[in-house]
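Just so we're on the same page: letters track the sequence lines, and every chain starts at 1. Because the structure is a prediction, the values reported are computed rather than measured.
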Amino acid sequence: MRGENGWLAVFRTLQEAFGPQEWWPAQSPFEVMVGAILTQNTAWRNVEKAIANLRAADALSVAVILALPESDLAELLRPSGFYRIKTKRLLALCQFLEAQGVGAVPEQIARQAAVPALRRDLLAVHGVGEETADSILLYALGLPVMVVDTYTRRIGGRVGLLGDHLSYTEVQAAIEAELVPGDAAVRNALHALLVSLGKDYCRPRPRCDTCPLNTRCAYAAGRCRPRQPEQP
DNA sequence: TTCCCGTGCG
DNA sequence: CGCACCGGAA
């Protein structure tokens, strides 16, 4: 509706443009976690290749991955880039899950009241930072946690909802303040919509001419030009 | 701040 | 070819 201004207005506009989102392309909570590690600073299409390798090797489980020779695991992860580092990180995550005793059904231990402690424990895992931890909480465990990523910052900055140099926590709090507490679905959908916009429109070199937000975006109204000025 | 790294697009 | 990619650690 008209009259909304902040992230909720962005949410509604994007949902009208892209349709309802129910996200994370994965077949299990564990696969979500794997994807969350592999997609760090990496195009999703490359992550898909690595996950396909894992699936083909029947290695989409904690037990199998932990039993795999590290060099073999690295070879499976290779297409996702940063593969030696990601091998270490995925192993660290699997060791954590095994220690938790939740390798098979991790979502069952997740209750909303336990979110802060669970987030803290995830952050203690090598290779799990704030975005990865929150992606796991939201998309693997279904908990109402807003995920902040590079798209969120870029879009928020351009539309005038976020300043520069804000910490992860500050950005997250700014968005959370507009969302219904406890509603995981809206956080899931909003982040998914932001990713969709970020990939296809609000890119480093933006496509403002066809962007669903271009009528309300400060960037589109100002600095965004359909093409570079002609050469002198 | 710099490094980690393959991949597909412009 | 060069650039950017659903970051995090050193």
| task | Check whether A:V171 and A:Y219 end up in the same hydrophobic cluster, where Ile, Leu, Val, Met, Phe, Trp and Tyr are linked by side-chain heavy atoms less than 4.5 Å apart. | result | no

| Verify same cluster id: A:L91, A:L97 (apolar side-chain graph, 4.5 Å) | yes

State, yes or no, whether a side-chain contact exists between [X] and [Y] at a heavy-atom distance under 4.5 Å.
| X | Y | result |
| --- | --- | --- |
| A:I175 | A:F11 | no |
| A:L8 | A:L179 | yes |
| A:R89 | A:F82 | no |

| note | Contacts satisfying salt bridge (Lys or Arg N to Asp or Glu O under 4.0 Å) that involve residues 29-42 of chain A (not counting sequence neighbours) are A:E31-A:R55

Round to the nearest Å and state the distance from [X] atom [atom1] to [N] atom [atom2].
| X | N | atom1 | atom2 | result |
| --- | --- | --- | --- | --- |
| A:D200 | C:dC5 | CG | P | 13 Å |
| A:R205 | C:dG2 | CZ | C1' | 12 Å |
| A:R45 | C:dC3 | CZ | P | 18 Å |
| A:W44 | C:dG7 | CH2 | C1' | 14 Å |
| A:I37 | C:dG7 | CD1 | C1' | 10 Å |
| A:K199 | C:dC3 | NZ | P | 21 Å |
| A:E131 | C:dA9 | CD | P | 12 Å |
| A:N41 | C:dG7 | CG | C1' | 6 Å |

| task | May I ask you to list the residues of residues 70-86 of chain A, by number, that have any heavy atom positioned under 4.0 Å from an atom of DNA chain B? | result | A:R78, A:P79, A:G81, A:F82, A:Y83, A:R84, A:I85

| Nucleotide range of DNA chain B lying under 4.0 Å from chain A heavy atoms | B:dC4 to B:dG10

| query | With a 4.0 Å cut-off on heavy atoms, is A:V128 in touch with a base, just the backbone sugar-phosphate, or nothing at all? | reply | sugar-phosphate

| task | Check every strand shown and say whether A:R154 touches a base, only sugar-phosphate, or nothing at a heavy-atom separation below 4.0 Å. | result | sugar-phosphate

| field | Exam field: side chain A:S196 to backbone A:A192, donor-acceptor pair closer than 3.5 Å | value | no

| said: Under 3.5 Å, is there a donor on one side chain and an acceptor on the other for A:Q100 and A:D121? | reply: no

| field | Upstream residue (5' side of DNA chain C) when A:A43 and A:L123 are each assigned their closest nucleotide | value | A:A43

| Contact nearer the 5' end of DNA chain C, comparing A:H191 with A:G127 | A:H191

| remark: So the side chain to side chain donor-acceptor pair (under 3.5 Å) pairs with at least one residue in residues 60-70 of chain A (sequence neighbours excluded) are A:E70-A:K88

| request: State which residue, out of A:N46, A:L38, A:T42, A:N53, fulfils the side-chain contact (heavy atoms from CB on, under 4.5 Å) condition with A:P79. | output: A:N53

| field | Span that lies between the P atom of C:dC3 and that of B:dT2, in whole angstrom | value | 16 Å

| task | With P as the reference atom in both, quote the distance from C:dG8 to B:dT7 in angstrom, rounded to an integer. | result | 23 Å

| If you write DNA chain B from 5' to 3' in dot-bracket form, with Watson-Crick or G-U pairs under 3.5 Å, [ ] for crossing pairs and | for pairs with another strand, what do you get? | ||||.|||||

| query | Parallel, tilted or perpendicular: which fits the ring planes of A:H191 and A:W23, with parallel below 30° and perpendicular above 60°? | reply | perpendicular

Please report, to 0.1 Å, the donor-acceptor pairs under 3.5 Å made by any side chain of residues 156-164 of chain A, with sequence neighbours excluded.
| unit_1 | atom_1 | unit_2 | atom_2 | d |
| --- | --- | --- | --- | --- |
| A:R158 | NH1 | A:R203 | O | 2.6 |
| A:R158 | NH2 | A:R203 | O | 3.1 |
| A:R158 | NH2 | A:P204 | O | 3.0 |

| said: Using OP1 and OP2 only, check whether a side-chain N or O of A:T39 sits under 4.0 Å from C:dG7. | reply: no

| Position toward the 5' end of DNA chain B (nearest nucleotide), A:R89 or A:K49 | A:R89

